[in-house]
Protein chains: 2
Amino acid sequence: MIDYDGPVPRYVQLAELIRDRIRAGQYLPDRRIPSEPDLSSETGLARETVRRGLRLLVDEGTLVRVPGKGTYVSPDPPV
Amino acid sequence: MIDYDGPVPRYVQLAELIRDRIRAGQYLPDRRIPSEPDLSSETGLARETVRRGLRLLVDEGTLVRVPGKGTYVSPDPPV
DNA sequence: CTGTATTTGTTCGTATGTATT
DNA sequence: AAATACATACGAACAAATACA
């Protein structure tokens with residue numbers, strides 16, 4: 001599903017995947033998304049790669065991470 | 001030189017070190033700074049930790065990285 | 001033109017620390 | 001006390017872009 005044949009890094013592809021799921025209503029505002037290990041298991045990506053993708057979404061205001069709790073979709077995500 | 005006893009992560013400390021050197025005129029605008037391996041050797045930090053610190057400075061507009069060439073101080077760094 | 005070296009980019013693995021439940 | 005989850009840090013490997021002999 002997520003390859004590195006093309007010019008798009010895997011962590012960017014992961015970010016796009018998460019964005020798609022938010023747009024599709026699969027991940028809802030103020031709700032928690034799967035943990036890093038879960039996303040890592042699901043996608044087969046290394047945890048650090050998952051973290052890079054999530055950071056992109058945190059930086060753009062789409063996600064909010066809470067230490068010890070989890071990663072949440074922002075109340076009003078810019079997607 | 002760079003410790004992790006305190007609350008300040010090492011990669012943040014590295015970013016501060018680079019900023020200090022720019023302020024001090026040791027690294028000049030539009031000039032290249034040492035490569036990641038060099039900074040890693042000098043500080044004893046892992047290259048990935050160096051990269052994290054440099055990314056902070058890229059994000060804030062202080063540095064510009066050019067693949068295959070090097071990392072440069074911005075023409076007009078915000079420091 | 002070809003190959004080599006340098007530098008940044010990406011990816012995976014592992015370990016430890018900190019905060020919350 | 002234990003499990004869960006994010007944060008930091010180190011190590012290693014290969015790819016891609018650039019420069020140069």
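Because the structure is a prediction, the values reported are computed rather than measured. So that the names make sense, note that chain A is the first sequence line, chain B the second, and so on, each numbered from 1.
Formation of a donor-acceptor pair under 3.5 Å by the B:Glu60 side chain with backbone atoms of B:Pro78 is not found in this model. Judged purely by atom type and a 3.5 angstrom limit, A:Ser40 has no side-chain atom pairing as donor or acceptor with the backbone of A:Glu36.
The side chain of B:Ala46 approaches D:dC10 more closely than any other nucleotide in the set D:dC6, D:dC10, C:dT8. Distance from the side chain of B:Ser35 is smallest to C:dT7 among D:dA5, C:dT7, D:dA9. Here the side chain of B:Arg32 is nearest to one of C:dT7, D:dC6, C:dC12, namely C:dT7.
Nearest heavy-atom pair, B:Lys69 versus B:Arg32, reported as atom, atom and distance to 0.1 Å: O-CD, 3.9 Å. Across B:Thr49 and B:Leu14, no two heavy atoms sit closer than the pair O-CD2, 4.5 Å. Between B:Pro29 and B:Pro75, the shortest heavy-atom distance links the atoms CB-O, 3.4 Å.
Using Watson-Crick or G-U wobble geometry with both donor-acceptor distances under 3.5 Å, D:dA1 finds no partner in any strand shown.
The CZ atom of A:Arg52 sits 7 Å away from the P atom of C:dT10 (whole-angstrom rounding). For the pair A:Arg10 CZ and D:dC14 P, the interatomic distance rounds to 15 Å; values are reported in whole Å. Between the CG atom of B:Leu54 and the P atom of C:dT10 there is a distance of 14 Å, rounded to whole Å. Note: CZ (B:Arg55) to C1' (D:dT8) measures 13 Å, nearest angstrom. In this structure, OH of A:Tyr11 is placed 13 Å from P of C:dC12, rounded to the nearest angstrom. Put simply, CZ on B:Arg51 is 15 Å from P on C:dC12, counting in whole angstrom units. Distance CD (B:Glu36) to P (D:dT18): 16 Å, rounded to an integer number of Å. At whole-Å resolution of the value, CG in B:Leu39 and C1' in C:dT8 are 12 Å apart.
Across residues 66-74 of chain B, B:Pro67, B:Gly68, B:Lys69 each have a non-hydrogen atom less than 4.0 Å from an atom of DNA chain D (numbered order).
When each of B:Glu48 and B:Asp38 is assigned the nucleotide of DNA chain C bearing its nearest heavy atom, the one mapping closer to the 5' terminus is B:Asp38.
Side chain B:Arg47 to base C:dG9: a donor-acceptor pair is found below 3.5 Å.
Side-chain contact between A:Val73 and A:Leu28 is absent, with no heavy atoms from C-beta onward closer than 4.5 Å.
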